[in-house]
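Being a predicted model, the structure only gives us computed values, none of them experimental. Residue numbers start from 1 in every chain, and the chains themselves are labelled A, B, ... in the order their sequence lines are given, proteins ahead of strands. Excluded from the calculations below are hydrogen atoms, water molecules and symmetry mates; all remaining heavy atoms, backbone and side chain alike, are included.
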There are 2 protein chains.
Amino acid sequence: MRAVRDALDLLGGKWKLPIIVGLVHGPKRFKQLQREVAGITAKMLSKELKELEVNGLVTRYVQADAAPVAVTYALAEHGTTLYPVIEALQGWGQQHRRFIMHAPAVALAEPVLVA
Amino acid sequence: MRAVRDALDLLGGKWKLPIIVGLVHGPKRFKQLQREVAGITAKMLSKELKELEVNGLVTRYVQADAAPVAVTYALAEHGTTLYPVIEALQGWGQQHRRFIMHAPAVALAEPVLVA
DNA sequence: CCGTATCCTCATCGATACTG
DNA sequence: CAGTATCGATGAGGATACGG
């Protein structure tokens, strides 16, 4: 249980996993990544990337000699261990979507009395 | 990606998954469940259970004729489809814990320069 | 026992403007 | 391009008291 909480603390929030997913198909520059993760602001992307980096999930590469500076982000090796988690969540999300189709919310809210 | 977001919206937050886990070993009464999920207040437990119920993950059984009223919560069948998700998160949480041991945060924060 | 009502605090997130 | 600074809104979550 503690492990589940740990995972949720690290991956919870609105953006962590979308960012990871955005990096799955290879390294990306900051702006590129911001376009990939629809709706995220630069502030959020920066903050979230910093946290992911500290936790060893993402690596930040700086090409300092260029002007303007070029920064690239990539999934660290430890970041790739998230694949099963992402697949599980994605699979369940789809499954749940199908479930919702066939089970109207009204029926779910009705009280179940027991003798 | 949309599916991952859906899953996170439903299972995100501090308590949803801990509650589900608390119900894995069989149905529980409200108070019983509150003891199981360490630290949760009655307000939160009530609110979260309501949401889980609306989404078809948990079923609420009311034994009305007793005094005081007895209410039991159980994982709905659709709730059991979360097992793979929980296992994935739990497995990753443990793996990450081991990873942290061997990779001090200091090393992770250092800039990586590229030619 | 099983909650709800009320009040409150704080983290999260967004918008906008600005810098190296 | 790759961010940071500042301000502000919102909502999750907690404390406490009370009701059926």
Query raised in the report: With respect to the phosphate group of C:dT4, does any side-chain polar atom (N or O) of B:Ser46 fall under 4.0 Å of OP1 or OP2?
Result: yes

Report task. With DNA chain C as reference, determine whether A:Ala42 or A:Val69 sits nearer its 5' end, using the nearest nucleotide of each. Result -> A:Ala42

Requested in this report: Check whether any side-chain nitrogen or oxygen of B:Arg29 sits under 4.0 Å from OP1 or OP2 of C:dC1, and answer yes or no.
Outcome: no

Query raised in the report: Between B:Thr59, B:Thr72, B:Leu75, which is the residue that forms a side chain to side chain contact (heavy atoms under 4.5 Å, CB included) with B:Pro27?
Result: B:Thr72

Query raised in the report: B:Lys47 side chain N/O closer than 4.0 Å to the phosphate oxygens (OP1, OP2) of C:dG3?
Result: no

Report task. Please tell me which of the listed nucleotides, D:dG13, D:dG3, C:dG3, lies nearest to the side chain of B:Phe30? Result -> C:dG3

Report task. May I ask you to verify if any side-chain N or O of A:Lys50 is less than 4.0 angstrom from the OP1 or OP2 atom of D:dT4? Result -> yes

Report task. Evaluate the ring planes of A:Tyr73 and A:Phe30, with Trp represented by its six-membered ring, and classify them as parallel (under 30°), tilted (30 to 60°) or perpendicular (over 60°). Result -> tilted

Requested in this report: Rounded off to whole Å, could you give me the CE-to-C1' distance for the A:Met44 and D:dG8 pair?
Outcome: 13 Å

Report summary line: note: B:Gln34, atom CD; C:dT4, atom C1'; distance rounded to Å ~ 14 Å

Requested in this report: Send over the distance from B:Lys43 NZ to D:dA15 P, rounded to a whole Å.
Outcome: 10 Å

Query raised in the report: The side chain of A:Val71 lies closest to which of these nucleotides: C:dG14, D:dG3, C:dT6?
Result: D:dG3

Query raised in the report: Can you check whether B:Leu45's main-chain N or O pairs, donor with acceptor, with B:Gln34's side chain at less than 3.5 Å?
Result: no

**Report entry** OP1 or OP2 of C:dC2 under 4.0 Å from side-chain N/O of B:Tyr61
**Finding:** no

**Report entry** Cationic N near anionic O, under 4.0 Å, A:Lys16 to A:Glu51
**Finding:** yes

**Report entry** Contact under 4.0 Å: B:Lys14 side-chain N or O vs D:dG14 OP1/OP2
**Finding:** yes

Query raised in the report: OP1 or OP2 of C:dG3 sitting under 4.0 Å from any side-chain N/O of B:Arg60?
Result: yes

Report task. Check the distance between D:dG14's P and B:Leu45's CG and give it to me in whole angstrom. Result -> 12 Å

Query raised in the report: Within this structure, what is the CD1-to-P distance between B:Ile40 and D:dT16, rounded to whole angstrom?
Result: 17 Å

